[in-house]
Amino acid sequence: MVRFKNYSFKYANSQKLSLNKLNLTVNKGDFLLLIGKTGSGKSTLLKQLKNGLVVGEVIDGAINIDPSDKSISYLSQFVDNQMITECARDEFNFILENMGYTENQRHVKIAEVASYFGIVNLLDLTEKELSGGQKQLINLAAALITDPKILLLDEPTSQLDPIAAEKILQMVHKVNAELNVTVILVEHSLERNVFYANKMAIIENGTIILENNVDSVLKAIFQNDFYKNYLPQIDRAYLEFSQKDKSLPLNNRQFNRILNDYQNQLTCVRTSSELADSKKVLKVKNLSFKFDFESKKIIDNVNFTLKEGRSYCLVGPNGVGKSTLIRVISQQLIQQSGSIKLNNVNVKNNHSLFKNIFILPQNPALLFVSDTVFGEIKFQLEQKEEANDTVESILNRYGLLDLKDISPYDLSGGQQEYLSLIIGLIKSPQILFLDEPTKGLDPNIILKVNDLLNDYLKNGGIVFANSHDLVFATNFDYVSMMFDGKLTTFQTTSDFFKDKFFYTTEINKASRDVFPDALVWNDLRNK
Amino acid sequence: MNKLFFNFRRSTNNLSILFYLLSIILSALLFNDPVVILMIFVALVLMVLYSKKDNSRGYFKFFTIIFVTTIIFNLLINQRGAGIIFQIPFLKVTTESLLNAAILAFSFVNLLMAFYIYDSLTNVKVIFDLLSHKLRNIAIVFILTVKFIPKIIDIFESTSFLIKFRSNHTINNKLQRQLDLLETVLNKSVASFMNMSDILVTKGYGNDRIKQKISNTKIDYILLATSITSMIFNIIMVIQKIGKVDFGSMDVKIAFGNNIILGSVNFILIIIPILIGVFQYICWKWYVSKITASNTPTVKNFR
């Protein structure tokens with residue numbers, strides 16, 4: 001159905017080949033899961049299959065695509081601003097009119113797709129009234145309304161909470177299994193996705209380096225020190241301590257049985273313990289905020305304290321106010337009641353706030369001020385009173401040297417996220433506020449980010465992050481859940497996760513009866 | 001009120017609604033006779049309540065602020081007239097200046113309310129459908145503008161705020177600071193615009209678009225006929241200088257004559273959705289519901 005033969009491609013504004021002698025075959029009905037490190041060419045490959053999405057030059061080779069361009073649909077990672085019109089009904093009509101459907105055909109199509117996706121009640125709601133998961137479900141329905149033969153998905157769940165993400169993936173699986181639609185899914189995380197794919201491929205520097213069925217690829221990448229970090233937590237734990245004879249991926253029930261068999265040979269290295277007290281830096285008291293007079297409070301009487309050298313993570317579904325909380329603390333939005341004190345001084349109209357904190361917003365591109373990555377680092381270094389480092393040394397230390405002449409807007413989503421975080425670390429403020437910092441990052445970069453944040457914490461910094469990535473959340477000192485504008489008390493990570501039934505890591509779900517403190521694969525070790 | 005509005009909205013098509021909206025905007029724009037604008041004001045308030053959205057309280061607050069500001073501003077700059085109501089140093093409030101101020105304030109608020117109703121009754125796709133019949137390129141420029149301008153404003157606000165977390169130095173030259181900021185916003189907007197163009201590609205915009213057929217109901221014909229007739233009527237009235245006063249002068253006064261008929265015509269035109277909604281509701285209550293098989297107790301008893 002799709003065949004890349006020695007295909008090489010470069011963007012119009014780049015000298016470097018983004019795809020280099022790439023070979024890949026996707027058959028009808030396949031569910032291909034494509035992974036690769038940040039900036040390896042995954043999204044570029046996907047966009048080659050839909051006309052008009054990339055501007056560049058084919059240097060060599062060819063692509064054979066069986067269906068016409070009209071039979072290929074594309075769904076991006078962005079949940080917001082994907083609707084041209086005001087509601088799903090108008091959006092479906094807009095697409096179908098563009099595709100030449102008559103009024104009667106449109107009516108039938110909308111009826112079909114709304115029933116299939118269970119979105120009849122959402123058809124007339126505006127974008128503002130929909131949650132993140134609902135928006136992405138509508139985006140998916142919009143991509144499928146014209147009966148495509150191929151569905152291209154570019155990290156469709158990266159901005160969703162775990163529960164909403166699971167629902168989207170189940171729906172994609174249903175479309176693949178029931179309607180025989182070929183699916184090509186680009187992802188960083190293999191968690192959940194591996195259950196639905198029948199085929200996996202790894203792309204590196206624009207070339208496919210491995211392509212096979214899911215079981216073979218998972219077992220093969222375990223032998224590779226770089227890619228083994230991509231493995232789903234359950235499969236990684238299994239491959240680390242057992243015979244490796246079972247077919248992968250394993251579900252939680254299968255893993256639980258194996259754990260029971262190996263119980264005597266294993267131990268859990270994570271234990272819950274109280275952390276030593278340290279200096280209070282930020283105090284939030286009775287904080288409340290709502291957007292409109294009539295609307296309910298999105299932040300409702302929130303109280304917490306941030307202490308020096310500690311990290312805090314906020315989890316919870318989309319749209320509960322996690323990002324709004326950061327915007328209120330940073331005074332981008334002004335609270336209706338309550339106080340925020342930084343170093344015992346109220347932050348309202350206090351300019352030291354800007355000096356002492358750094359915000360990594362959900363859209364990191366909003367932070368950029370220069371035309372190149374080099375310029376971004378240079379700008380940040382110039383803000384420091386004593387800069388011991390040169391721009392080159394920083395670029396080298398953080399692995400950004402290859403990207404130094406590229407516009408920050410031309411970087412992939414993950415690279416933009418990483419660059420913004422580096423900018424924050426160069427500033428070295430008292431508190432780093434990070435809004436979804438792992439969005440678009442590959443697992444190895446996430447590990448690197450963890451190390452960088454740990455170094456920053458050791459120097460007395462404070463990290464406060466929102467994240468849907470529960471594995472990432474396990475690296476924090478304290479975790480809290482936000483819902484209906486309220487925050488639960490910050491608990492130590494082990495204490496927080498071990499009494500959660502649904503909202504916890506896969507390792508914890510699978511091993512809670514044997515090792516209740518285990519949250520990630522390396523919490524379980526051979527004795 | 002809302003159920004009347006929803007039923008009315010569902011029984012009318014986008015074209016007739018658009019003509020109705022154009023006619024009420026014209027009514028709010030054309031006249032400045034105090035009697036006419038007061039009657040239009042009352043009708044528009046009724047329509048704002050009828051079509052009210054979640055944030056209507058905020059809009060009413062805004063209308064009040066505009067009203068009061070306009071009155072005060074006009075009283076300060078126009079102190080003509082002989083009938084002094086009260087006088088303090090530098091300020092003389094006369095019957096004529098107060099009337100002039102009220103005319104301007106009501107005209108402003110009328111126009112704002114007309115656009116509020118426009119905002120409540122129409123949506124992006126209505127305009128796009130109508131424009132795309134003949135002016136496809138203008139239609140897409142319109143749709144992108146509608147999506148893109150709020151996006152640029154959002155980018156501008158976020159960028160100008162977030163830069164404070166990166167920069168420790170204050171650039172004293174305000175012009176330089178603004179130019180730097182605009183350049184940054186422009187770069188971000190271009191990136192955002194490319195994303196929008198991708199969305200259009202994925203929604204099949206480049207293909208041959210099928211033209212929308214608009215089917216009219218009886219209500220649409222009534223609304224269309226009333227709107228077009230009243231637009232012609234209003235333009236003739238303006239040419240005849242009926243409904244216009246010599247605004248800003250000392251001669252401005254409240255008079256009754258043909259303006260009552262003009263005001264009444266516009267009043268009925270503006271509240272026609274309410275009249276249609278009430279008529280439909282009465283029809284339903286007294287006739288349709290009684291001949292419709294339903295499980296509501298009233299109908300069961302009747303049957």
Side-chain angles (χ1 to χ4, degrees), chain A residues 47 50-53 70 73-76 78 81-87 90-91 93-103 142-143 146 292-295 330-332 351 353-355 357-359 361 363 365-371 379-380 382-385 407 409-410 423-424 427 429, chain B residues 54-58 61 122-126 128-129 132 140 143-144 146-148 150-151 154-155 157-170 180-181 183-185 187-192 194-213 215:
Chain A
K47 287 179 177 176
K50 182 84 188 157
N51 283 343
L53 289 184
K70 278 187 180 180
S73 286
Y74 174 86
L75 180 64
S76 89
F78 302 107
N81 298 316
Q82 294 299 298
M83 278 161 74
I84 300 281
T85 57
E86 275 153 350
C87 62
D90 284 353
E91 194 69 10
N93 269 313
F94 177 75
I95 296 166
L96 294 168
E97 283 159 15
N98 286 337
M99 297 292 185
Y101 284 71
T102 63
E103 191 180 350
T146 52
D292 292 308
F293 184 79
E294 295 98 329
S295 61
S330 63
Q331 297 291 283
Q332 193 172 0
H351 280 269
L353 172 80
F354 302 118
K355 198 179 169 189
I357 72 170
F358 178 80
I359 308 285
N363 176 8
L366 289 172
L367 283 173
F368 301 145
V369 293
S370 178
D371 294 339
F379 177 88
Q380 205 53 51
E382 282 168 358
Q383 308 306 311
K384 294 189 83 139
E385 281 158 17
S407 163
Y409 304 105
D410 289 339
I423 288 168
K427 180 179 172 179
Chain B
D54 291 345
N55 55 353
S56 58
R57 198 190 290 245
K61 219 190 284 177
T122 192
N123 66 21
V124 176
K125 195 163 179 303
V126 175
F128 182 76
D129 285 344
S132 65
I140 200 61
I143 210 162
L144 285 181
V146 167
K147 286 288 282 186
F148 210 54
K151 184 92 186 146
D154 191 36
I155 290 173
E157 285 176 352
S158 302
T159 305
S160 54
F161 181 77
L162 288 167
I163 189 79
K164 295 175 188 169
F165 293 101
R166 288 199 63 183
S167 170
N168 290 338
H169 309 310
T170 318
D180 288 351
L181 181 64
E183 190 190 339
T184 310
V185 170
N187 281 337
K188 292 182 204 302
S189 303
V190 169
S192 182
M194 295 310 288
N195 180 38
M196 191 59 80
S197 108
D198 280 3
I199 296 168
L200 279 174
V201 169
T202 59
K203 308 273 176 184
Y205 176 71
N207 299 317
D208 292 332
R209 185 180 164 81
I210 195 158
K211 287 194 171 126
Q212 277 266 58
K213 273 186 194 160
S215 53

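Note on naming: letters A, B, ... go to the chains in the order of the sequence lines (proteins, then strands), and numbering restarts at 1 for each one. What you are looking at is a predicted structure, and each value in this text was computed from that prediction instead of being measured.
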Task: Choice from V185(B), L181(B), V201(B), I155(B) maximising heavy atom contacts with chain A below 4.5 Å - done: V201(B)
Open item on the list: Quick check on the interface: out of K50(A), K355(A), Q331(A), K47(A), who has the most heavy-atom pairs with chain B under 4.5 Å?
Closed with: Q331(A)
- [ ] Step by step, work out the side-chain contact (heavy atoms from CB on, under 4.5 Å) result for F161(B) and E157(B).
- [x] CA-CA 6 Å; F161(B) 181 77; E157(B) 285 176 352; over 6 Å; no
- [ ] Specify the closest pair of heavy atoms between T184(B) and Y409(A), including all atoms of both residues, with the distance to one decimal.
- [x] O-OH, 4.0 Å
Task: Contacting region of N51(A) [heavy-atom separation from chain B under 4.5 Å] - done: backbone
TODO: Look at S76(A), S330(A), A142(A) and state which one has the largest set of heavy-atom pairs under 4.5 Å with chain B.
DONE: S330(A)
Open item on the list: Holding to side chain to side chain donor-acceptor pair (under 3.5 Å), I want the full list of residues that pass it with Q332(A), two or more places apart in sequence or in another chain.
Closed with: none
Task: L53(A) versus chain B, the contacting section by heavy-atom distance below 4.5 Å - done: both
TODO: Check each atom of P429(A) against the heavy atoms of chain B and say whether the ones under 4.5 Å are side chain, backbone, both or neither.
DONE: neither
- [ ] Write down the atom of Q380(A), the atom of R166(B), and the distance for their closest heavy-atom approach.
- [x] OE1-NE, 2.7 Å
- [ ] With sequence neighbours left out, write down each residue that passes salt bridge (Lys or Arg N to Asp or Glu O under 4.0 Å) with K164(B), or none if nothing qualifies.
- [x] none
